[in-house]
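Quick notes on the structure that follows.
Values below: all heavy atoms of this structure, side chains included; hydrogens, waters and symmetry mates excluded. Small disclaimer: the values here were computed from a predicted structure and weren't measured. Every chain is numbered from 1 and lettered A, B, ... according to where its sequence line falls, protein lines coming before strand lines.
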Amino acid sequence: MSENNNESQKPANFISNIIQQDLDSNKHTAIQTRFPPEPNGYLHIGHAKSICINFGLAEDFGGKCNLRFDDTNPEKEDDEYVESIKEDVAWLGYRWSELCHASDYFEQLYDYAVELIKQGKAYVDSLDAKQMREYRGTLTEPGRESPDRNRSIEDNLDLFARMRAGEFEDGKYLLRAKIDMASPNINMRDPALYRIKKAHHQRTGDDWPIYPMYDYTHCISDAIENITHSLCTLEFEDHRPLYDWVLNQVQTPAHPQQIEFARLQLKYTITSKRKLNQLVTDKHVDSWDDPRMPTISGLRRRGYTPASIRDFCDRIGVTKKDSFIEMAVLENSIREDLNEIAPRVMGVLDPLKVTIENYPDGQTEDMQAQNHPQKPEMGTRTVPFSKTLYIERDDFMEDAPKKFFRLSQGREVRLRYAYYVTCTDVIKDDAGNVIELICTYDPESRGGSTPDGRKVKGTIHWVSAEHAVDARVNLYDRLFSHPNPAGTDDFIAHLNPESLITLENCKLEPSLATPDEDTRYQFERLGYFIKDKQSDKLTFNRTVTLRDAWAKIDKANA
RNA sequence: UGGGGAAUCGUCUAACGGCAGGACAACGGACUCUGACUCCGUCAAUCAAGGUUCAAAUCCUUGUUCCCCAGCCA
């Protein structure tokens, strides 16, 4: 790292190494990348990896990155997705150099196809889909040439023009590249270039009855935009020979280098647009931005920050190896960010009433609480204290083990930013459930310590009953209970029934009555929470819990 | 039985012929008005077998395992 470089250095990877070499050798003087989503669904965490790679690399090397919509299949695409994709990319903190659409190139793509036909490198085929499959051969046997393969250039030109003119029904003809039906690479067995599809396109309307295929479109789009490094996922590795073939036949301004990397796979979730779509359509989740979804919009609503997602992408690296990232890595990234920026507050999720027997009736005291113990510059706030409080039900235990540092009969704890209290009595209902605790407080302990200097191991959070704000809290957990749901026969069967637990009677400190919309709060000792923007009732979504050493001890003892 | 890829701590990821390093997780401990944070420490890996070399994760040979490809989807 150079001394005057105050940017935090990102780890190098095989792609950044290639770029560095290309720059060093003057193959390129600047780099241009692109993020090319198809607008047929919402972006998810896997796309975030690709976004961070493409935009991140451009940023790191002082280059540019375009946002390009790969909109060549109007039947599956929608403007709703276009808008969500733009929002998500911008939210992640990236700004595209150019906003492009493959459909911007339809006219040029058509001209290049005519060029191909004139060179005898493409032909109009009348085989239907079923026949074409039969002619294609198998993985181990070569395919057979279509009877139309040697149609004259004049006839091909005429037919292709009439395809464009809309003279034929869907599926009647197909423009195919003339390459090699015996190629061991199936993508090279005369792949389709254009199909007839009389569908309305969200941008070009009804201008086109024919639409170009991905393999033909993508490489030319890259070339038109002068992309230097065309980065995509591993499954396109087999397509690279075709990518290069097309660009070798026609005169384009550039010949980008396609480089493939492994797509992100995260344990306990799925990153397949089709499956994600199914979860929404079949109502297993509320929406694309349901906080349990691994979509960018879901993570946003869950309270994840753009910085945490970028940090996550830096941590997971870029390689060609299939891998599964543990959820803990993502959680670590968000905890690390939120620990720095989240103001601390107190909220009781599962309230248990506490009466301070020796505290004056009707008295209220304003306690000073720090918004961030490690960052005094974040200031303080007042939290009202009174005779009747709520504490967390989990913070009381009858017959508590020695290691339990919280409230139990006869034991003393500190109420955060307030007094020491000792539990003297436990009140139960007829069923034997604890419904109230009677405590006494030590008036000398205000401020968290006593003149006699006695130690109190436990500190718990609390909320004054009469000042409490009622709220709903959504506790989120992993969406699936299987580490690789996509790899099972029925991923729906592995949905985690406890992925969402809604608590309706939470009691929060008064400052949370009007929370800031974009602030992620740390509810002390519980986790990080953000106000849910879609609910009318005051609702907080839990982004992630705090690490919980007690949970481990408790579990180990169980 | 075709073609294309990939194999390093539990999980990710460095090392590109020269001390297998880092992160996350786990486990211990210190600190603590959050059982959080922070700090310290521990555990832990080169797919296998041969070969080349003073020296191999790295080069060669032979295997093994895993992933992708037979849409007029991207």
A177(A) and L193(A): which non-hydrogen atoms are nearest, and at how many Å?
->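 What the structure gives for the nearest pair is N-CD2, 3.5 Å.
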
Polar side-chain contact [X]-[N] base: donor and acceptor under 3.5 Å:
X	N	value
R133(A)	rG71(B)	no
R344(A)	rU34(B)	yes
E331(A)	rA25(B)	no
D548(A)	rG35(B)	no

Rounded to the nearest 0.5 Å, what separation is found between the [atom1] atom of [X] and the [atom2] atom of [Y]?
X	Y	atom1	atom2	result
L352(A)	F396(A)	CG	CZ	7.5 Å
Y243(A)	F236(A)	OH	CZ	12.0 Å
L266(A)	E326(A)	CG	CD	10.0 Å

Ring centre gap for Y81(A) and Y42(A) strictly below 6.0 Å =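 Centroid separation for Y81(A) and Y42(A): below 6.0 Å.
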
For the ring pair H218(A) and Y214(A), is the centre-to-centre distance below 6.0 Å?
->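 Between Y214(A) and H218(A), which both carry aromatic rings, the centre distance is below 6.0 Å.
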
If you check the [X] side chain, which of [options] turns out closest?
X	options	result
T319(A)	rC27(B), rA14(B), rA74(B)	rA14(B)
D128(A)	rC72(B), rU1(B), rC12(B)	rC72(B)
R547(A)	rC24(B), rA14(B), rG35(B)	rC24(B)
M132(A)	rG2(B), rC72(B), rU34(B)	rC72(B)
K197(A)	rA70(B), rC73(B), rC37(B)	rC73(B)
L139(A)	rU34(B), rC69(B), rC73(B)	rC69(B)
L546(A)	rC73(B), rA36(B), rU32(B)	rA36(B)
K321(A)	rU34(B), rG10(B), rC12(B)	rC12(B)
E38(A)	rC12(B), rG35(B), rA74(B)	rA74(B)
Q522(A)	rG2(B), rG71(B), rU34(B)	rU34(B)

NA contact type, [X], heavy-atom cut-off 4.0 Å: base, sugar-phosphate, or nothing?
X	result
I460(A)	nothing
D238(A)	base
L264(A)	nothing
P373(A)	base

Taking [atom1] from [X] and [atom2] from [N], how many angstroms apart are they, rounded to a whole number?
X	N	atom1	atom2	value
N339(A)	rG35(B)	CG	C1'	15 Å
L526(A)	rU34(B)	CG	P	14 Å
F261(A)	rC12(B)	CZ	P	17 Å
R240(A)	rA74(B)	CZ	P	20 Å
Y528(A)	rC37(B)	OH	P	8 Å
D322(A)	rU11(B)	CG	P	14 Å
M327(A)	rC24(B)	CE	P	18 Å
E340(A)	rC37(B)	CD	P	12 Å

Select from V329(A) and E141(A) the residue whose nearest nucleotide in RNA chain B is closer to the 5' end of that strand.
->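 First, find each residue's nearest nucleotide; the 5'-ward one identifies E141(A).
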
5'-most by nearest nucleotide on RNA chain B - K267(A) or I553(A) |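 Going by which nucleotide is closer to the 5' end, it is K267(A).
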
When you check the glycosidic angle of rG71(B), does it come out syn, meaning within 90° of 0, or anti?
->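 With its glycosidic angle within 90° of zero, rG71(B) counts as syn.
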
Salt bridge flag under 4.0 Å for residues R68(A) and D104(A) |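 A salt bridge is absent here (no side-chain N lies under 4.0 Å from a carboxylate O).
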
Derivation of the ring-ring contact (aromatic ring centres under 6.0 Å, His included) call for Y194(A) and Y173(A) = CA-CA 9 Å; Y194(A) 266 91; Y173(A) 288 110; over 10 Å; no

Using the side-chain hydrogen bond (donor to acceptor under 3.5 Å, both in side chains) rule, pick out the option among R344(A), E392(A), E524(A) that qualifies with H461(A).
->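 The residue from R344(A), E392(A), E524(A) that satisfies side-chain hydrogen bond (donor to acceptor under 3.5 Å, both in side chains) with H461(A) turns out to be E392(A).
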
If you restrict it to nitrogen or oxygen atoms, what contacts under 3.5 Å exist between nucleotides 15-18 of chain B and the protein, and what is each distance?
none

Span that lies between the C1' atom of rC69(B) and that of rG17(B), in whole angstrom |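 My reading of the C1' atoms in rG17(B) and rC69(B) gives 36 Å.
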
N/O (side chain, R195(A)) to phosphate O (OP1/OP2, rC73(B)) under 4.0 Å |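 It does, given that an N or O in the side chain of R195(A) lies less than 4.0 Å from OP1 or OP2 of rC73(B).
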
Pairing stems for RNA chain B [at least three consecutive pairs; Watson-Crick or G-U; under 3.5 angstrom] =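 Stems (3+ consecutive pairs) listed as B:2-7 with B:64-69, B:10-13 with B:21-24, B:26-30 with B:38-42, B:47-51 with B:59-63.
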
For R149(A), which of D125(A), D190(A), D180(A) qualifies under salt bridge (charged side-chain N to carboxylate O under 4.0 Å, His left out)?
->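 Of the listed residues D125(A), D190(A), D180(A), the salt bridge (charged side-chain N to carboxylate O under 4.0 Å, His left out) partner of R149(A) is D190(A).
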
Flag side-chain contact, heavy atom, 4.5 Å: L407(A) against C439(A) =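 Side chain of L407(A) against side chain of C439(A), heavy atoms only: contact under 4.5 Å found.
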
